[in-house]
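No experiment lies behind these values; they were computed from the predicted model shown. Heavy atoms only: backbone and side chains are in, while hydrogens, waters and symmetry mates are out. Letters go in sequence order (proteins before strands), and every chain restarts at 1.
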Protein chains: 2
Amino acid sequence: MLNNSKPVRPELRERVLKIVQETGFQPNAIARSLVSKETRIIGVMVPDISNNFYSNLIYGIDSVISEYDYSMFLAISDEVVDKELKYLRLFKEKQIDGVIIASIHFLEGNIQTLQEIQVPLVVTGHDLPGYQIPTVNVNNVQASYDATAYLISQGHTKIACISGPLWDPPCGLDRMGGYRKAMRAHDLPIHEGFVVEGEFTAKSGYEAMRRICEEKIRPTAVFVATDLMAVGVLNYLYDHGIRVPEDISVMGFDNLELASLSRPMLTTVHNDPFMYGKAAAEQLLRQIRNEPVERMSTVPHHLVIRQTVSALLK
Amino acid sequence: MLNNSKPVRPELRERVLKIVQETGFQPNAIARSLVSKETRIIGVMVPDISNNFYSNLIYGIDSVISEYDYSMFLAISDEVVDKELKYLRLFKEKQIDGVIIASIHFLEGNIQTLQEIQVPLVVTGHDLPGYQIPTVNVNNVQASYDATAYLISQGHTKIACISGPLWDPPCGLDRMGGYRKAMRAHDLPIHEGFVVEGEFTAKSGYEAMRRICEEKIRPTAVFVATDLMAVGVLNYLYDHGIRVPEDISVMGFDNLELASLSRPMLTTVHNDPFMYGKAAAEQLLRQIRNEPVERMSTVPHHLVIRQTVSALLK
DNA sequence: GTGAAAGCGCTAACAA
DNA sequence: TTGTTAGCGCTTTCAC
């Protein structure tokens, strides 16, 4: 009756409602879930919540699921494979209604667990070619291609690249791949000392830039696979009196809040994690409702031209 | 038997384990919770997850609760009073084992709900004088006093203050209060045009600094109640060719990652949200285990001297 | 040691 | 329209 499942005589309704008030009755969602077989909880797994990218992703997810009275169970994997598996299992045990995974180690064991888990699932930040798992992602190769091509269009030819870690294909392989593809397409040589693998921190960008600067020749532009690293690059350059963009141009990737907060303001690829989160949540909700979903949704990207790239005058 | 509750004949154990393997049996945590009356889930409510302060707080909480096999239910209130109440009720319904609240509107209705909720509870970022609710917090007044006193010790006398929003007493009233107290203690006059109320964004810091610069006289130093606003201040100054710290000194508050990423690097008050989160989680776990808890734990603060404050030479 | 049964708080189905 | 009951998947208790 409390769920309006049946029509009820007004007098009775009133009496019940009064008692509910008086005793401070609160329904027990656990008991309800046991019989209804739904918890209205979505499990979200991220590698690192102190990274603004992932916290905005979470924000995007929350903004849509909370509309539909779902709430969020949050798992932080710390990029540790064991934790990833542990949480996948935990989601299952807790009878969660759906799962969104943001970045997971691309390993056989993991992917298999993902396939076997009998729960609606969306993976963001990875393409999973050949698997029947819905993903939402930017076209990292194309976006990196566009970023690099822009640098080239500005007259740069000696272009360095700091990629993400190779264990994360989207930020590692794909973004570096886009860079290589653009260089090749424009018949530009790649000096291998100019392409270095970074991690997901500002510090690693700082270090990577140092290594590039230790080369005999200096690039006139750098494409950096994440904004956080790009800020590290900017700081290395600032600390060593190398002017941006006069001496060297810097192109980031992600368009974090940080990018517009830095001075000079970072030119970068817009890759809105909030939108990711929204798209992923929408796909997941469709799955839960048994509506058709796209196997791979690609979220659009575009360049944000700010202050760190200048045209090269010959 | 699966929970090692009883001794079992090895032969039987083996047979059962084999079937478990074969059928891929997964325990149902919901059913278990219904009888055991514990969910091993902690509810966490934050106002804004895209703010690095709160995402690090969450990280701190997670780092301790995951040690003890608790997991996290995340609620984002968006600083909306209705959502705060809604989630408080939801926590109760979902039979969550404990709740950590980071910043909540300080209103009668809310505080009363907090008191009536029959769930272990810790509030961070607020002092709740006169209520029996355990809190963990820095001493905001003292920390702001220290920050301002440091500016004074460097020879500054014309010091401005950009506070947090007044609806949030810790960042608003308290931090502004510490500033006022320090000025008074050193017999320094406060020019009221120099104290302005900000919000929790870099943009609001930018705007606040503009207003201060529109005054007839200019301060030689600014104490800004949050690093995010302080970055806005730095950017305003940069964009208007006012040098930091040569022309004006800037003191932040929080020591976000951002603070060491900015150039010049921000001098600020260290106020580690990760530590907050850890302390809050520890207090909460103690409460859940019926161990004694502190009513108000104060987490220590200290100044981080970097590059944005210089001594004033007369 | 082992198996059977009661019951956690709810919903759904069925009688009255 | 209303009241009663079975059963969701587990733990706990109690008899065997």
Side-chain angles (χ1 to χ4, degrees), chain A residues 1-43 68-71 73 86-99 116-120 288-290, chain B residues 1-43 68-71 73 86-99 116-120 288-290:
Chain A
M1 167 254 157
L2 281 175
N3 306 320
N4 300 315
S5 39
K6 291 189 207 177
V8 161
R9 189 151 38 89
E11 186 249 329
L12 208 216
R13 146 162 287 127
E14 197 131 318
R15 219 176 60 210
V16 171
L17 255 30
K18 192 166 142 249
I19 307 254
V20 165
Q21 274 285 314
E22 282 171 3
T23 58
F25 171 84
Q26 298 252 178
N28 182 329
I30 291 287
R32 175 179 295 165
S33 293
L34 187 58
V35 11
S36 71
K37 265 117 179 49
E38 67 159 18
T39 51
R40 300 201 82 83
I41 295 181
I42 303 296
Y68 295 94
D69 280 312
Y70 282 86
S71 22
F73 186 100
K86 175 187 137 197
Y87 282 126
L88 250 26
R89 207 164 303 131
L90 195 65
F91 286 159
K92 206 57 210 287
E93 279 186 23
K94 300 275 190 195
Q95 312 299 117
I96 263 161
D97 289 348
V99 172
E116 286 168 3
I117 201 173
Q118 289 303 312
V119 169
I288 291 175
R289 298 194 208 97
N290 283 312
Chain B
M1 170 254 154
L2 283 174
N3 307 320
N4 299 314
S5 40
K6 290 190 208 177
V8 160
R9 193 151 37 87
E11 185 248 329
L12 208 216
R13 148 162 286 127
E14 197 130 318
R15 219 176 60 212
V16 171
L17 255 31
K18 191 167 142 247
I19 307 252
V20 165
Q21 274 286 315
E22 282 171 3
T23 59
F25 171 83
Q26 298 251 179
N28 181 328
I30 292 287
R32 175 179 294 165
S33 292
L34 187 59
V35 13
S36 71
K37 264 114 181 49
E38 67 160 20
T39 52
R40 299 201 82 83
I41 295 181
I42 303 296
Y68 295 93
D69 280 312
Y70 282 86
S71 24
F73 186 100
K86 174 186 139 196
Y87 282 127
L88 249 25
R89 206 165 304 131
L90 195 65
F91 285 159
K92 211 45 215 287
E93 279 187 23
K94 299 275 189 195
Q95 311 300 116
I96 262 163
D97 289 347
V99 172
E116 286 169 2
I117 201 173
Q118 288 304 310
V119 170
I288 291 175
R289 298 193 208 98
N290 283 311

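Of all heavy-atom pairs spanning B:Y70 and B:I288, the tightest one is OH-CG2, 3.6 Å. Residues B:T39 and B:Q95 come closest through the heavy atom pair OG1-O, 3.0 Å. Nearest heavy-atom pair, A:F73 versus B:S71, reported as atom, atom and distance to 0.1 Å: CZ-OG, 3.1 Å.
Closest contact between the side chain of B:K37 and the listed nucleotides C:dT2, D:dG9, C:dG9 involves C:dG9. Listed nucleotides D:dG9, D:dC10, C:dC10 differ in distance to A:L34; the shortest reach to its side chain belongs to D:dG9. When each of C:dG1, D:dC10, C:dC10 is scored by its nearest atom to the side-chain atoms of A:V35, the top-ranked nucleotide is C:dC10.
Per the geometry, CD1 belonging to B:I30 stands 15 Å off C1' belonging to D:dT11, to the nearest Å. Between the CZ atom of B:R32 and the P atom of D:dT12 there is a distance of 10 Å, rounded to whole Å. When rounded to the nearest whole Å, the span between CD of A:Q95 and C1' of D:dC8 equals 11 Å. As rounded to whole Å, 17 Å separates atom P of D:dG9 from atom NZ of A:K94. We find that CD of A:E93 is positioned 10 Å from P of D:dT11, with the value rounded to whole Å. D:dT2 atom P lies 13 Å from atom CD of A:E14, rounded to whole Å. Across the protein-nucleic acid pair, B:E11 atom CD and C:dT2 atom C1' stand 12 Å apart, rounded to whole Å. Between B:R15 atom CZ and C:dG1 atom P the separation is 16 Å, expressed in whole Å.
Note on the helix from C:dG1-D:dC16 to C:dA16-D:dT1: terminal axis deviation equals 50°, with five pairs used at each end and the result rounded to 10°.
Taking only side-chain nitrogens and oxygens, B:R9 comes nearer than 4.0 Å to OP1 or OP2 of C:dT2.
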Which pairs would a plain distance check flag for residues 25-35 of chain A, meaning a side-chain donor or acceptor within less than 3.5 Å of a matching protein atom at least two apart in sequence or in another chain?
residue, atom, partner, partner atom, Å
A:N28, OD1, A:I30, N, 2.8
A:N28, OD1, A:A31, N, 3.1
A:S33, OG, A:A29, O, 2.9
A:S33, OG, A:E38, O, 3.1

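Because its NZ or CZ atom is not both nearer than 6.0 Å to the ring centre of B:Y68 and within 45° of the ring axis, B:R40 does not count as a cation-pi partner of that residue.
In terms of modelled atom types and a separation under 3.5 Å, the side chain of B:D97 and the main chain of B:I42 share no donor-acceptor contact.
Sorted by first then second residue, the salt bridge (charged side-chain N to carboxylate O under 4.0 Å, His left out) pairs that include residues 22-31 of chain B, not counting sequence neighbours, are B:K18-B:E22.
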